[in-house]
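Proteins come first, then strands; the chains are lettered A, B, ... in the order of their sequence lines, and each starts at number 1. If you're wondering where the values come from, they're calculated on a predicted model, not measured in any experiment.
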Number of protein chains: 2
Amino acid sequence: MNLRERKKQRTRDALLRAALELFATRGYEETTVDDIAAAVDVSQRTFFRYFAGKEETAFFVPRLAEALVVDAVRARPPGEVPLEALRRAVVESWDTIHEAVEDIVPIDLHMRVYRVIESTPALLAAHLRRAAELEEQLAGIIAEREGLDVDADPRPRIVVALFGGVIRVTERLWSAGDDLTMEGLRRLTTAYLDQVGPALAGNWRAEPSP
Amino acid sequence: MNLRERKKQRTRDALLRAALELFATRGYEETTVDDIAAAVDVSQRTFFRYFAGKEETAFFVPRLAEALVVDAVRARPPGEVPLEALRRAVVESWDTIHEAVEDIVPIDLHMRVYRVIESTPALLAAHLRRAAELEEQLAGIIAEREGLDVDADPRPRIVVALFGGVIRVTERLWSAGDDLTMEGLRRLTTAYLDQVGPALAGNWRAEPSP
DNA sequence: TGTCAATTGTCAGCGACTGTCACTAGCCTC
DNA sequence: GAGGCTAGTGACAGTCGCTGACAATTGACA
């Protein structure tokens with residue numbers, strides 16, 4: 001790797017860290033691109049040569065996580081029923097994600113940024129759009145697994161929408177609570193996924209949930 | 001109603017129409033606030049006195065529709081199972097929505113704008129965030145119906161997330177297709193909702209869907 | 001070492017907003 | 001019906017995100 005390349009990598013990293021650190025401490029809207037550039041001592045123009053926009057820095061880590069989830073779903077054995085494949089893929093990929101994130105940014109910083117994402121309207125909106133794109137991708141993968149045409153059969157998109165909905169609910173509750181550990185997220189998510197059946201099937205009043 | 005009040009109402013309406021018309025023909029990003037203000041012959045500053053932002057004009061009609069859906073869910077007889085209540089509320093409120101929209105903006109214009117919303121990344125993101133807020137509200141209503149605590153019992157949020165997910169899928173498919181009628185949306189949505197059970201239950205390969 | 005190409009800074013400009021302030025037009029009272 | 005009062009408006013200046021253009025710099029490679 002060149003000196004030039006290394007230098008680029010360093011500024012990129014520095015910009016990303018500075019941005020996330022500022023978002024986490026001061027807030028997203030309260031941080032200007034000039035602030036980020038100044039923290040790394042480059043011009044504002046240079047920031048925009050590395051990142052398409054302020055938003056892109058906030059979603060750098062989530063983007064990585066999404067890619068890992070997609071891989072994990074692809075790697076699931078074809079014997080599993082779709083919902084099961086999705087569930088195992090996500091729950092099991094969290095460990096991988098944890099490690100991969102640490103290589104880029106302290107996991108603690110990432111979690112503080114994640115809270116900012118969930119509580120900043122502009123970022124939350126962007127997050128949900130990304131999630132929608134991810135769901136579309138997953139629906140395609142599920143359809144392929146089952147040998148179906150996504151556009152002809154509604155079921156792949158339905159399962160993924162259901163699954164994605166539950167994941168988003170648990171992500172939100174998790175980020176709003178105090179237990180910001182991976183273990184806490186895993187517990188919450190599996191508990192919610194276990195309730196999918198009961199939520200659809202039964203008479204709630206007759207059978208209260210734990 | 002005052003002359004003053006009437007005048008205000010007229011500028012508000014004119015701004016809204018001008019904005020939607022421009023969005024539908026030229027596109028959202030291609031329309032500047034100056035364009036909208038110029039079309040009504042007021043200053044840009046005045047536009048911002050009527051609307052919090054360009055985005056707000058695009059979501060004026062959807063906001064109305066959401067309010068009607070909430071009302072419709074509240075009005076459902078308590079005997080219905082949650083998913084059934086949601087389904088009937090939404091499907092039946094479309095007629096009400098149709099009328100209410102016509103009072104403000106030609107329904108045809110609204111539909112063209114809706115297409116723009118679904119195909120403009122910034123607007124789609126905002127739309128999804130609004131949908132998330134609506135889901136949170138509906139979860140509260142459902143929980144109340146069933147006499148549950150939303151934060152203690154996962155099921156209200158799960159059903160609503162599932163339902164919302166299916167609705168969003170069908171909205172997207174509908175807006176991307178050619179049949180932009182209410183009837184088309186109703187058919188598509190009911191067909192998809194009918195597939196929720198099969199999507200979760202069965203072995204897809206053994207029982208292909210229609 | 002000198003040339004070439006990649007990286008960067010500077011500057012100018014657009015579009016969405018916001019605050020400020022003077023001005024105008026409708027309202028209300030005498 | 002003239003006057004003052006105030007809500008509504010326009011004009012102006014400024015912030016912030018972002019982009020294009022051009023010149024200056026810095027590493028790469030012969």
Does [X] have any side chain to side chain contact (heavy atoms under 4.5 Å, CB included) partners at least two apart in sequence or in another chain, and if so, which?
X	value
A/E99	none
B/A65	B/I97
B/R88	B/R76, B/E80, B/E84, B/E92
A/D151	A/D149, A/R157

B/N2 side chain N/O closer than 4.0 Å to the phosphate oxygens (OP1, OP2) of C/dG26? no

Under 4.0 Å between a side-chain N/O of A/Y50 and OP1 or OP2 of C/dT7, yes or no? no

Over 12 non-hydrogen atoms of neighbours within 6.0 angstrom of CD in B/E144: no

Holding to ring pair (Phe, Tyr, Trp, His ring centres under 6.0 Å), I want the full list of residues that pass it with [X], two or more places apart in sequence or in another chain.
X	result
B/Y192	none
B/Y28	B/F23
B/F163	none

Write down the protein N/O and nucleotide N/O pairs, taken from nucleotides 20-25 of chain C, whose separation is under 3.5 Å; answer none if there are no such pairs.
none

Where along residues 16-33 of chain A does a heavy atom fall under 4.0 Å from DNA chain D? A/T31, A/T32, A/V33

Please state how far atom [atom1] in [X] lies from atom [atom2] in [N], giving the value in whole angstrom units.
X	N	atom1	atom2	answer
B/E5	C/dC27	CD	C1'	12 Å
A/F48	C/dG9	CZ	P	14 Å
B/D34	C/dG15	CG	P	7 Å
B/Q44	C/dT18	CD	C1'	10 Å
A/F47	C/dG9	CZ	P	14 Å

Taking B/K7 for its side chain and B/N2 for its backbone only, find out whether a donor-acceptor pair lies under 3.5 Å. no

Residues 103-112 of chain B, side-chain donor-acceptor partners within the protein, below 3.5 Å, at least two apart:
{"residue": "B/R112", "atom": "NH2", "partner": "B/E21", "partner atom": "OE2", "Å": "3.1"}

Going 5' to 3' along DNA chain D, between which two nucleotides do contacts with chain B fall, using a heavy-atom cut-off of 4.0 Å? D/dT6 to D/dA11

Give the table of side-chain donor-acceptor pairs shorter than 3.5 Å for residues 171-185 of chain A, with sequence neighbours excluded, one pair per line with atom names and distance.
{"residue": "A/E171", "atom": "OE1", "partner": "A/Y114", "partner atom": "OH", "Å": "3.1"}
{"residue": "A/R172", "atom": "NH2", "partner": "B/E136", "partner atom": "OE1", "Å": "2.8"}
{"residue": "A/W174", "atom": "NE1", "partner": "A/D179", "partner atom": "O", "Å": "2.9"}
{"residue": "A/W174", "atom": "NE1", "partner": "A/T181", "partner atom": "O", "Å": "3.1"}
{"residue": "A/S175", "atom": "OG", "partner": "A/R172", "partner atom": "O", "Å": "3.1"}
{"residue": "A/D179", "atom": "OD1", "partner": "A/T181", "partner atom": "N", "Å": "3.4"}
{"residue": "A/D179", "atom": "OD1", "partner": "A/T181", "partner atom": "OG1", "Å": "2.8"}
{"residue": "A/D179", "atom": "OD2", "partner": "A/R187", "partner atom": "NH2", "Å": "3.1"}
{"residue": "A/T181", "atom": "OG1", "partner": "A/G184", "partner atom": "N", "Å": "3.0"}
{"residue": "A/E183", "atom": "OE1", "partner": "A/R186", "partner atom": "NE", "Å": "3.4"}

